[in-house]
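I have placed the structure first, in the form of structure tokens, so that the comments after it can refer back to it.
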Amino acid sequence: MRYIFALAIGVTASVSQAQTISEDQIRAAVGPIDTAAIIANDSHDRNWLNYGLNYAETRYSQLASITADNVGELGLEWSYDLQSRRGVQATPIVVDGVMYVTASWSVVHALDALTGEQLWVYDPEVPGEFASKGCCDVVNRGVAVYDGKVYVAAYDGYLHALDAATGERVWRVDTIENRDMSYTVTGAPRVINGKIIIGNGGAEYGVRGYITAYDIATGDEAWRWYTVPGDPSKPFENDAMKMAAETWDPSANYWEAGGGGTVWDAMAFDPDLNLLYIGTGNGSPWNRHLRSPAGGDNLFLASIVALNPDTGEYVWHYQNTPGDTWDYTSTQHIILADLEIDGEMRQVLMQAPKNGFFYVIDRTDGTFISAEPFVETSWAKAYGEDGRPIENPAARSKDEPFETVPSAYGAHNWHPMSFNPNTGLVYIPAQGVPLVQSTDPGWSLNSHQPMSTMSGLGWNLGYLFNVVAPEATPFGHLLAWDPVNQREAWRAEYVSPWNGGTLTTAGNLVFQGTADGRFIAYNAATGETLWQTPVTSGVVAAPMTWERDGTQYVTIAVGWGGVYGLMQRATERVGPGRVFTFRVGGMAEMPNFELSERTELIAGVPYDPANVEAGLANYVSNCLFCHGVPGVNNGGAIPNLGYSTPEALTNANAWVLEGAGIHNGMPRFDTHLNDTDVQKILAFIQGTADAVRGASQ
């Protein structure tokens, strides 16, 4: 079931019968929220008014009632069932005792923050079939609040403005400029100077990235800035696009594949400089040999770009990964801070993107200050004084497989990091997921090619993966990083990659949830583990903290998923998604958790062994990045088919060709697969499960 309460909610909200906060109280709290109020909250941090707490996105709270001395007394105050079974990536927003949090499928929940009681729920009714238009789960990172409204950018690309008191929709606008393309939206919007700003995802599918600002009152478009140039035979939108076009090779008609560069997460804002900073994504296709055969930096892929938030005009840029060919997006968290470097106070921005280097950039003009690897890197060994990477030539091989370290999963993905000005440290959810990539000789734009990774769902990568086995091993750790001296201060090791985002506080604490289903507090200066508690699934979202009536609370949304979490897990606890709120002395009972029922490898489905190899080719091009390799593990948020029931496979035509699972996000494949193809896929699944079983005996 997509939602237990699916029939109870629609374009208007369902309202709890026991509402404890009046609509007038909510309007009094949220009505005055504007840019000035978000800035003013910096003086105390009692509320959490922006995705990253403040416009600098530091995720550092000045609240200090919970300290290294008493954090061990944290107890559960309340938990709330989000009734979701897919990834939960949201950071809740709290305004004077009212909490707004999103679940998977972009469903918004308004809660009494003191009790966890539901006030209203709003379902934007994202069509189930839309799940196949995104690479990385039907997730949403949260809402924005401003001028009495709650804004959510839904997975299907519609931006919704809701009455903060009732959840009723005020307006809705379509942010997707071309619905023939596979655009999605997973990020949290930001509101700056009366404009709500949102980007989109979809670079894997062949789209052109852009970011758009809308009027908060009407939803009218205020400005739009594209991240990559369009067809050079047509007029460029602005001088920045004309400049960018000089860095692309037009011989491959890059604009037909969109170019990529989607702005699907990172944003930060400096009110004094009046600059909006955005991070841009990977190319489309990933492989630069296919996208821009003669080379070139391909601006503004994998870049940090500064824009005027009032007009959308380009101000400056810094490109982290020139000519990206490894899916090294720069959409990861951007933090603004003032640091003393070489005896001089510098206004900087900091980023630890996928490519494994930690960057310190002058945020006034984009001047490169430093970049050092925070994990092992094989694609480049260092950065020169010119701010460009010193690359390993083998990393761009057209002919030979290369183990990219970090891989496309990133040394740090979207999971937010945080910066504590007292310790001077940045707390990074660092990781490694091994992959070997090699040019895909069969790639063709927007066409299904057996063995071409996920091409049956419209992915345009231009790479094959793991044609030889990787040598690296997976890892995940919490990394405390000194950005001035560019070196590690301490780390906490985990059993798996894909751990949650971080929060740090003036109480000398760092909080983080883990892939194996724990919520942990550390000493921010030393890394000593001070407190931990189990939760109902693996955690990917970041925690937040807030205060009401002199009491400090810590809240985290829990629900395993995301691109890695779709097919891998580190705990058998499987949810459902929940919100947990803790305080010192909390006495509520932890809710029961559910365990995975996928315990037995599938057996007994008849198949022709001669079909296994052909089944592999179609499995790779249609199933791999959702269902994983059959039998290697029992799956993440989506089942591993090697642990299916025999009935699931014998009824495969209903799922694959007839759309029986569309409501849950499982697409139908009858446009390019037939019954014979399905039987070959089943042969691969059962044959692989049999091989795994035999190897273990």
Check: Given K133, which of S182, P667, P127 fulfils the side chain to side chain contact (heavy atoms under 4.5 Å, CB included) condition?
Finding: S182
Check: Is a side-chain N or O of N413 found less than 3.5 angstrom from the main chain of H415, in a donor-acceptor match?
Finding: no
Item checked: From CG (L159) to OH (Y214), nearest 0.5 Å -> 7.0 Å
Notebook entry, point to check: Going by atom types alone, do D440 and N287 pair a side-chain donor with an acceptor below 3.5 Å?
Noted result: no
Check: Got H448 and N622 here, is their nearest side-chain heavy-atom distance under 4.5 Å?
Finding: yes
Notebook entry, point to check: Does the side chain of N320 come within less than 4.5 Å of F357's, by heavy atoms?
Noted result: no
Notebook entry, point to check: Do the side chains of I211 and T227 get nearer than 4.5 Å, heavy atoms only?
Noted result: no
Next item on the list: Output the distance between atom CG (L307) and atom CG (N274), rounded to the nearest 0.5 Å.
Entry: 11.0 Å
Item checked: L276 versus I192, closest heavy-atom pair with distance -> CD1-CD1, 3.9 Å
Check: Going from NZ on K195 to CG on D215, what distance comes out if it is rounded to the nearest 0.5 angstrom?
Finding: 7.5 Å
Margin query: Using the rule given for side chain to side chain contact (heavy atoms under 4.5 Å, CB included), can you reason through C135 versus W459, listing the C-alpha separation, both sets of side-chain angles and the distance that settles it, and then say yes or no?
Written below: CA-CA 8 Å; C135 68; W459 289 40; 3.4 Å; yes
Checklist line | Contacts of type side chain to side chain contact (heavy atoms under 4.5 Å, CB included), residue E658, not counting sequence neighbours | finding: N653, A654
Check: Are I638 and M567 close enough that some pair of their side-chain heavy atoms sits under 4.5 Å apart?
Finding: no
Next item on the list: Please check if any side-chain donor atom of H289 sits under 3.5 Å from a side-chain acceptor atom of T325, or the reverse.
Entry: no
Note to self: Working note: L435 + N466, criterion side chain to side chain contact (heavy atoms under 4.5 Å, CB included); need CA distance, chi angles, decisive distance, verdict.
What the structure shows: CA-CA 6 Å; L435 281 179; N466 293 351; 3.9 Å; yes
Note to self: Tell me whether Y205 contacts the main-chain N or O of G134 through its side chain, where contact means a donor paired with an acceptor under 3.5 Å.
What the structure shows: yes
Next item on the list: Quick one: sort the F358 and F374 rings into parallel, tilted or perpendicular, breaks at 30° and 60°.
Entry: perpendicular
Item checked: Flag, side chain of T280 to backbone of S303, donor-acceptor distance under 3.5 Å -> yes
Note to self: Can you confirm whether Y183 sits close enough to R208 that some side-chain heavy atom of one is under 4.5 Å from a side-chain heavy atom of the other?
What the structure shows: yes
Note to self: Less than 3.5 Å apart, any donor N or O on the side chain of R291 or S284 sitting next to an acceptor on the other?
What the structure shows: no
Next item on the list: Find out whether W443 and P285 are in side-chain contact, i.e. whether some heavy atom of one side chain is under 4.5 Å from a heavy atom of the other.
Entry: yes
Note to self: Quick check for you: to the nearest 0.5 Å, what is the distance between L301 atom CG and D327 atom CG?
What the structure shows: 11.0 Å
Check: For the residue pair W498 and Y564, does the interplanar ring angle fall in the parallel (under 30°), tilted (30 to 60°) or perpendicular (over 60°) class?
Finding: tilted
Next item on the list: Determine, stepwise, if the pair Y277 / E57 fulfils side-chain hydrogen bond (donor to acceptor under 3.5 Å, both in side chains).
Entry: CA-CA 11 Å; Y277 307 97; E57 303 275 335; over 6 Å; no
Note to self: Strictly distance-based, threshold 3.5 Å: is any side-chain N or O of N50 a donor or acceptor partner for the main-chain N or O of L53?
What the structure shows: no
Next item on the list: Check step by step if side chain to side chain contact (heavy atoms under 4.5 Å, CB included) holds for V228 and W255.
Entry: CA-CA 9 Å; V228 298; W255 55 92; over 6 Å; no
Check: Just by distance, do the side chain of D297 and the backbone of L299 share a donor-acceptor pair under 3.5 Å?
Finding: no
Check: Under 6.0 Å between the ring centres of Y359 and Y383?
Finding: yes
Check: Got a donor-acceptor contact below 3.5 angstrom from the D270 side chain to the L273 backbone?
Finding: yes
Item checked: Atom CG of D239: over 12 foreign heavy atoms under 6.0 Å -> no
Checklist line | Mutual orientation of the aromatic rings belonging to Y463 and F465 [parallel < 30°, tilted 30-60°, perpendicular > 60°] | finding: tilted
Next item on the list: Give, for atom CD of Q431 and atom NE2 of H412, the distance between the pair rounded to the nearest 0.5 Å.
Entry: 8.0 Å
Notebook entry, point to check: Does one side chain, of Q332 or T329, offer a donor that lies under 3.5 Å from an acceptor on the other?
Noted result: yes
Check: Does any N or O in the side chain of D137 come within less than 3.5 Å of the main-chain N or O of G562, such that one atom is a donor and the other an acceptor?
Finding: yes
Next item on the list: Find out whether the Lys NZ or Arg CZ of R190 is both under 6.0 angstrom from the six-membered ring centre of Y151 and within 45° of the ring's axis.
Entry: no
Check: Any sub-3.5 Å donor-acceptor pair from D362's side-chain atoms to T364's backbone N or O?
Finding: yes
Item checked: Any side-chain donor near an acceptor of the partner, Y155 and S104, under 3.5 Å -> no
Next item on the list: Specify the closest pair of heavy atoms between Y409 and V433, including all atoms of both residues, with the distance to one decimal.
Entry: CD1-CG1, 3.3 Å
Checklist line | Polar side-chain atom of W326 near backbone of N282 as donor-acceptor pair, under 3.5 Å | finding: no
Checklist line | Minimum-distance pair of heavy atoms, taken over all atoms of A252 and L290 | finding: CB-O, 3.6 Å
Item checked: Closest contact, heavy atoms only, A302 versus D324 -> CB-CB, 4.0 Å
Checklist line | Closest non-hydrogen atom pair between F236 and A245, with its separation | finding: CZ-CB, 3.5 Å
Item checked: Side-chain donor-acceptor pair present, D677, H672, cut-off under 3.5 Å -> no
Notebook entry, point to check: Roughly how far apart are I390 CD1 and K381 NZ, rounded to 0.5 Å?
Noted result: 6.0 Å
Notebook entry, point to check: Are E313 and W225 linked by a side-chain donor-acceptor pair shorter than 3.5 Å?
Noted result: no
Item checked: Y210 side chain to E237 side chain, donor-acceptor N/O pair below 3.5 angstrom -> no
Notebook entry, point to check: Is there a side-chain contact between W286 and E204 (heavy atoms, below 4.5 Å)?
Noted result: yes
Margin query: Using only atom types and a distance under 3.5 Å, with no angle test, would you say the side chain of S455 pairs donor to acceptor with the backbone of Q449?
Written below: yes
Margin query: Is the shortest side-chain heavy-atom distance between L461 and S452 below 4.5 Å?
Written below: no
Check: For T175 and R224, which heavy atoms make the closest approach, and how far apart are they?
Finding: O-NH2, 3.3 Å
Next item on the list: Please lay out, stage by stage, how N140 and T186 fare under the test side chain to side chain contact (heavy atoms under 4.5 Å, CB included).
Entry: CA-CA 5 Å; N140 184 277; T186 58; 6.0 Å; no
